[in-house]
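Structure first, commentary second.
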Amino acid sequence: MTASLLAISGLTKAYPGAVANDDVSFDIGRGEVHALLGENGAGKSTLVKMIYGLVKPDSGTMTLHGAPYAPAEPRAARACGVAMVFQHFSLFDALSVAENIALGMETPPPMGDLARRIRAVSETYGLPLDPDRVVGDLSAGERQRVEILRCLLQDPRLLIMDEPTSVLTPQEVEILFSTLRKLTAEGVAILYISHKLEEIRALCDRATILRQGRNVGTCLPAETTAREMAQMMVGTAITPPTRAARPLGDVALEVTGLSLHSPSPFGTALKDIRFSLRSGEIIGIGGVAGNGQDELLAALSGELRSPSDAIRLHGTPIGRLRPDARRRLGLLAAPEERLGHAAAPDMSLTENAFLTGAGREGLVTRGFIRWPETEGFARRIIARFDVRTPGPGTAARALSGGNLQKFVIGREVLQRPEVLIVNQPTWGVDAAAAAAIRQALLDLAAEGAAILCISQDLDELMEIADRFGALNEGRLSEIRPTAQLGLDQIGLMMGGAHDMEVAHV
Amino acid sequence: MDLSSINPVLLLASLIAASTPILLAAIGELVVERAGVLNLGVEGMMITGAICGFAIAVNTGSPFAGFVMAALGGAALSLLFAALTQIALANHVASGLALTLFGLGLSSLLGQGYVGIKPPPTPKLDIPLLSDIPILGPVLFSHDLMVYLALALVAAVWGMLKYTRAGLILRAVGENHDAAHALGYKVVRVRVLAIAFGGACAGLGGAYLSLVRVPQWTEGMTAGVGWIALALVVFASWKAGRVLLGAWLFGGVSVLQLNLQAAGVAVPVEYLSMSPYLVTILVLVIMSADKSRAPGSLGRIFHASQ
């Protein structure tokens with residue numbers, strides 16, 4: 001951690017209409033884990049893309065090993081020892097592990113040698129992986145190992161990691177962290193981007209905080225609280241969601257023996273799901289992505305039909321009802337995928353407001369759309385949830401992820417649901433917007449609505465949920481009060497027997 | 001009806017020749033689709049190749065020059081498609097359909113002076129000794145050069161996709177173009193090259209029809225072979241070996257039904273003429289019932305900023 005490995009000075013990059021990075025400077029030392037913090041749109045991605053050679057800076061300089069560094073393309077960056085693990089995995093599903101790794105290398109050895117090296121390196125760093133397996137069949141944690149191995153085989157001096165833990169179980173996070181510590185002990189520097197402040201406090205030596213494209217400060221995460229870091233990111237104080245003690249009402253939603261096949265070939269079948277949700281209560285459902293979350297949401301919202309008695313709303317069997325019929329009865333849902341599932345990307349916010357609100361908000365008379373009322377509804381969502389947009393005529397696609405998420409959740413909350421199902425309500429949303437969404441859910445529960453929140457963010461579930469259950473391979477664990485749960489128990493609930501495999505294969 | 005007039009050796013020999021146009025077009029389209037591009041203009045590129053090759057062969061007297069020009073003509077037309085879909089980011093399906101319609105029109109314009117003319121004959125390779133072997137000789141070793149070129153192309157494409165780095169990059173681009181771009185591969189360049197290769201192959205296939213199979217020029221003479229080549233690629237699950245099988249099947253049934261027509265089988269001619277299309281699709285549908293799937297980025301528009 002003595003000499004500086006990469007020094008960045010005055011990097012600026014402007015896109016039409018927005019400055020992504022404005023005069024950003026910082027440096028990273030050998031063997032240092034350096035965190036890059038910031039809200040969505042603060043310019044973190046653009047900054048690392050410039051370091052990795054995917055984007056050319058407008059002005060500013062970088063030096064690597066004391067020599068000027070200006071990679072024209074990722075190939076040049078890799079040749080200089082800069083490697084990157086992407087947030088959205090840059091893997092090819094139909095290709096094998098070895099082929100995927102070969103694609104990330106400049107001069108890959110013949111496949112046989114490569115397979116041997118993959119085995120060797122993966123064992124050295126505790127990341128077991130079979131080079132012949134097809135990537136499409138791997139779990140999220142294993143896919144990330146492929147990405148990391150791809151970088152490690154090139155002896156990187158600087159490893160850039162963009163949100164590496166967002167898809168991992170707590171146990172997998174531990175494995176990743178011990179791998180990263182091994183690397184730093186060998187002198188590799190790591191530039192670590194994450195939203196999860198507690199992780200940064202546990203792992204990182206220094207943190208640089210970006211706000212609206214500017215470097216607004218550096219701190220030592222170990223000596224700074226998560227709260228202080230969040231405030232530096234946002235620039236104002238964040239009020240953490242407050243939860244008032246709520247009286248629980250009658251059982252609003254009851255699910256018994258719900259078993260369903262997934263409609264998609266890579267999906268997970270639901271196996272004998274049972275729980276009951278009371279008015280005023282929030283149940284959090286955790287679990288690693290792809291363990292039946294999407295199917296559970298689809299079964300509850302009505303996109304997938306199930307046996308009539310398997311799902312009851314206030315005692316009425318609704319298993320065979322379609323989504324619009326369920327909406328009329330008071331069961332609303334907001335799916336995970338914002339663009340394409342929760343909202344139609346190329347339609348305006350007004351039209352999107354109509355799509356789920358038509359029935360409950362009375363936006364149709366005799367088959368004709370009541371546009372003034374529909375626009376009024378959209379404006380109410382925008383005002384109440386602080387959606388930053390030029391107006392309700394804007395296409396959903398044009399909104400940033402966080403703003404669209406506020407709109408999508410707000411649209412359901414304002415329809416006064418009796419039962420609300422949400423999947424990943426704050427996925428990819430910055431701290432301030434996430435706090436606002438969580439507060440809205442808590443307020444809704446306080447007004448007597450029953451809420452089922454499916455999420456991969458455990459902190460979020462601990463913050464808002466009264467009871468917690470986990471999905472594993474389509475099975476739902478026992479649902480327990482959150483107040484009594486520790487992280488270890490949650491990890492076991494999420495992984496079942498599988499976390500043992502992750503640790504020892 | 002006299003089935004004994006059908007000679008099985010001649011049948012097998014003409015099967016191989018009859019399958020060559022569709023094989024050439026399909027192997028080109030296979031490379032295009034493995035790179036993630038859906039070019040529905042195969043029919044248009046084939047018929048453009050057919051007339052380009054025919055015109056040059058008639059004017060120069062050299063079928064070889066004709067084939068070269070056919071490949072260039074098909075490639076040139078496919079570059080129009082490349083410009084539309086890779087640079088102007090137009091929809092693949094609409095651009096491909098437009099390419100077919102444009103190719104059909106362009107070819108009848110170019111071919112106005114060539115109706116009813118005989119092209120120079122394409123010489124057959126008579127390999128001494130080998131072609132004298134009974135049965136095997138006439139079936140395998142008495143064709144023209146293009147037949148062997150087509151077979152060599154299939155083998156080369158199979159080997160390239162499976163064993164070479166270039167093939168791996170091509171598959172990667174077709175599987176996930178965003179990831180390939182993030183790794184620094186030139187998605188647009190790879191795709192333009194693949195499209196041009198597909199165009200050249202389709203052009204060669206068309207010229208084989210007008211110079212060897214028929215051999216003369218008539219408007220619309222490809223008669224849907226380009227579409228069958230497209231279907232062949234899909235039902236062959238994007239695998240070169242299965243494309244070869246499908247093409248032989250199509251060629252075999254085509255030749256057989258012609259022989260049956262000549263032998264006077266008591267089935268209406270219309271049923272016989274549709275039989276190659278039906279049988280090929282049916283067999284390939286059954287074969288493609290395994291879990292192999294289309295390249296992940298097939299037909300999706302790539303834009304580097306995303």
Side-chain angles (χ1 to χ4, degrees), chain A residues 15-16 20 45-46 48-49 52-56 71-79 82-96 98-112 114 134-137 143 146-147 150-151 154 160 162 264-266 339 345 397, chain B residues 30-31 33-37 89 91 158-191 233-234 236-240 242 288-306:
Chain A
Y15 287 114
S45 299
T46 308
V48 294
K49 279 182 183 166
Y52 194 55
L54 277 167
V55 172
K56 267 205 184 70
E73 50 176 5
R75 208 165 284 212
R78 288 199 294 261
V82 176
M84 179 156 169
V85 176
F86 291 88
Q87 176 183 11
H88 302 293
F89 298 137
S90 62
L91 294 178
F92 306 91
D93 282 355
L95 307 184
S96 74
E99 284 175 328
N100 265 285
I101 289 176
L103 277 168
M105 299 175 76
E106 279 324 300
T107 45
M111 277 299 170
L114 184 60
V134 174
V135 166
D137 299 336
R143 297 168 134 244
V146 180
E147 291 254 8
R150 179 150 80 186
C151 297
Q154 304 175 73
I160 305 170
D162 194 355
S264 91
F266 296 116
L339 286 174
R397 185 191 291 288
Chain B
L30 179 119
V31 170
E33 293 196 12
R34 282 310 270 281
V37 179
L89 306 182
N91 178 288
W158 174 80
M160 189 207 65
L161 286 177
K162 195 167 164 71
Y163 294 113
T164 68
R165 180 152 177 87
L168 182 60
I169 292 171
L170 183 102
R171 283 189 287 146
V173 165
E175 180 59 28
N176 183 346
H177 51 213
D178 295 320
H181 174 69
L183 287 175
Y185 294 108
K186 306 269 185 259
V187 174
V188 171
R189 188 185 297 168
V190 169
R191 289 193 167 164
V233 174
V234 176
S237 313
W238 295 271
K239 293 188 173 102
R242 290 194 189 178
S288 65
D290 60 10
K291 66 168 191 169
S292 53
R293 58 179 189 92
S297 293
L298 183 60
R300 280 173 47 214
I301 292 164
F302 171 71
H303 190 263
S305 74
Q306 312 251 303

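Labels below follow one simple rule: chain letters A, B, ... track the order of the sequence lines, proteins then strands, and each chain is numbered from 1.
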For chain B, the option from A:Ala77, A:Pro108, A:Ala76, A:Gly53 that forms the most heavy-atom pairs under 4.5 Å | A:Pro108
Here the pair of heavy atoms bringing B:Ala182 nearest to A:Pro74 is O-CG, 3.9 Å
From OH (B:Tyr185) to CZ (A:Arg75), nearest 0.5 Å | 6.0 Å
Side chain, backbone, both or neither: which part of A:Glu99 has a heavy atom under 4.5 Å from chain B?
-> both
Could you give the distance from CE (A:Met105) to CZ (B:Arg165), rounded to the nearest 0.5 Å?
-> 8.5 Å
Would you find a donor on one side and an acceptor on the other, under 3.5 Å apart, between the side chain of B:Arg171 and the backbone of A:Phe92?
-> no
Nearest non-hydrogen partners of A:Ala102 and B:Leu168, listed with the distance | CB-CD2, 4.1 Å
Does the A:Asp93 side chain pair with the main chain of B:Glu175, one donor and one acceptor, at a distance under 3.5 Å?
-> no
Given A:Leu54, A:Leu103, A:Asn100, the one that forms side chain to side chain contact (heavy atoms under 4.5 Å, CB included) with B:Leu183 = A:Leu103
